[in-house]
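In what follows, every chain begins at residue 1, and chains take the letters A, B, ... in the order their sequences are listed.
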Protein chains: 2
Amino acid sequence: MARTSEEKILEAAQRIFTRFGYEGARMQQIADEAEVNKSMLHYYFRSKKKLFEEVYRDAVVKLMPQLLNLLNADLPLEEKIPKLVRRYITLMRDHPRLPGFIIQELHQNREEWLNFMDNLDFGKPKKFLEQVRRNQEQGKIVKIEPRQLLINILSLCVFPFAAQPMIKYMLKMDDAEFENFLDVRVESLSTFILNAITP
Amino acid sequence: MARTSEEKILEAAQRIFTRFGYEGARMQQIADEAEVNKSMLHYYFRSKKKLFEEVYRDAVVKLMPQLLNLLNADLPLEEKIPKLVRRYITLMRDHPRLPGFIIQELHQNREEWLNFMDNLDFGKPKKFLEQVRRNQEQGKIVKIEPRQLLINILSLCVFPFAAQPMIKYMLKMDDAEFENFLDVRVESLSTFILNAITP
DNA sequence: GATAAAATTAACCATATGGTTGAATCAATT
DNA sequence: AATTGATTCAACCATATGGTTAATTTTATC
């Protein structure tokens, strides 16, 4: 404990920005959430934009490498896919607001976002795509464009979190039921995907 | 042509709100986009919030019924699923900003959003869920929780649009390549899903 | 063509918001 | 205890923004 003011601000900013977005967040709101004087935000982070960028970078750094490492790991597909599903869903469960947050905020200033990402520079899913192509040539899996498979896996894992409130509404789930839905989903998705690509 | 000011404003508001979100959008910006004096926005729609609600309602009404009707149609699953995929992807292609917009803005005031949706009241995917259950009992498809299958289909169709810039970035696609990716996707997804649920 | 109603505009207004400043307080070092 | 630098705070500031008003122009009606 005994978090410094700087830490308190960052954590508060994380909560507020991920919830309300850049435009929707108020500096005063962040200060209140951090239990700190508003001037402190500028003292430590200079401006709203700088503070936001810090938060956004942290979010991206928290997610992207996790997504990519395992994707390029040295594991046979039939092992890798269940592991991917389990890890992605676990990751999203821990940070359910991040996917929506990351996607939402990049929708504007696309230019700016591009060099921002290039600076961070995580790898690309190249190895995974090649692995799929190889498995396909060997007839181990069904014919499918590797990028399509990649996007399928990502979609299936991430979308339910981005669309969480909509899903809860459409299927009339409360929080507990949704959690249960996710428990089931880990197993369900693995077999779903493996089934889909098994000849 | 000869669109009325009211129409011009609504269309402009649609473009601006879906792009920048409620908080990010500026009334002046909408007025400029509509080539209309800012006071006109208040003259016709009273307030930013009212104008936004109109735009949001239009967006939801444009998407939801389309999603639900076909889902509950009287068609065997093996026909219905390719049709669903084709229609959903076509729909998203025509309105690529809508899914992100709808999801983004409901993330806040969840309470308000709930009665809002209840007022509009589209159906629920009940018939589809039952159809899946029946097919399952008859051994026509693999064992799967019907709601999971529903979310899978939605995720696979919708997510690529919500995450479009991210995908383009990760897979180094330009606009043309992404369009091509979507062309391929219609076929690819249908067989992917059918494969996944065929015993 | 006079009259009334609707539509349009420019000039304002009140307030919220990001940001600044300068004084006060605290903590470490000597 | 004095000095110094970092930290915290209340009071301000400039500006952007949603919204209002009142006058003007356009359109429709008789």
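Annotation: cation-pi geometry satisfied between B/Lys168 and B/Phe178 (NZ/CZ under 6.0 angstrom from ring centroid, within 45° of ring axis).
Nucleotide C/dG18 holds its C1' atom 16 Å from the CZ atom of A/Phe52, rounded to whole Å. Atom CG in A/Asn37 sits roughly 16 Å away from atom P in C/dT21 (whole-Å rounding). B/Lys50 has its NZ atom 13 Å from the C1' atom of D/dG19, to the nearest Å. Following rounding to the nearest Å, A/Phe17 (CZ) and C/dG18 (P) show an atom-to-atom distance of 9 Å. Rounded to whole Å, atom P of C/dG18 lies 16 Å from atom CZ of A/Phe45. Taking atom NE2 on B/His42 and atom C1' on C/dA10, their separation rounds to 15 Å, with Å as the unit. When rounded to the nearest whole Å, the span between CD of A/Glu23 and P of D/dG18 equals 10 Å. Computed from coordinates, the A/Leu41 CG to C/dG18 P distance equals 10 Å when rounded to whole Å.
Using a cut-off of 4.0 Å between Lys/Arg side-chain N and Asp/Glu carboxylate O, A/Lys49 and A/Glu112 are scored as salt-bridged. Taking a cutoff of 4.0 Å between a charged side-chain nitrogen and a carboxylate oxygen, B/Glu54 and B/Arg57 qualify as a salt bridge.
Side-chain contact, A/Tyr43 with A/Asn37: no donor N or O sits under 3.5 Å from an acceptor N or O.
Considering only the side chain of B/Met27, D/dG18 comes nearest among C/dA6, D/dG18, C/dG19. Closest to the side chain of A/Lys48, from the set C/dT9, D/dC9, C/dG18, is C/dG18.
Contact of B/Lys38 with D/dG19 (side chain to base): a donor-acceptor pair of N or O atoms is detected under 3.5 Å. Judged by distance alone with a 3.5 Å cut-off, a donor-acceptor contact links the side chain of A/Ser39 to the base of C/dT20.
A close approach under 4.0 Å does occur between a side-chain nitrogen or oxygen of B/Arg26 and OP1 or OP2 of D/dG18. Taking 4.0 angstrom as the limit, A/Tyr43 places none of its side-chain polar atoms (N or O) nearer than this to OP1 or OP2 of D/dA6.
The aromatic ring centroids of B/Tyr56 and B/Phe101 lie less than 6.0 Å from each other.
If you check every strand for non-hydrogen atoms under 4.0 Å, B/Ala31 touches nothing. B/Tyr44 comes within 4.0 angstrom of sugar-phosphate atoms only, judged by non-hydrogen atoms across all strands, and of no base.
Residues B/Met40 and A/Ser47 both approach DNA chain C. Their nearest nucleotides, taken by heavy-atom distance, put B/Met40 toward the 5′ side.
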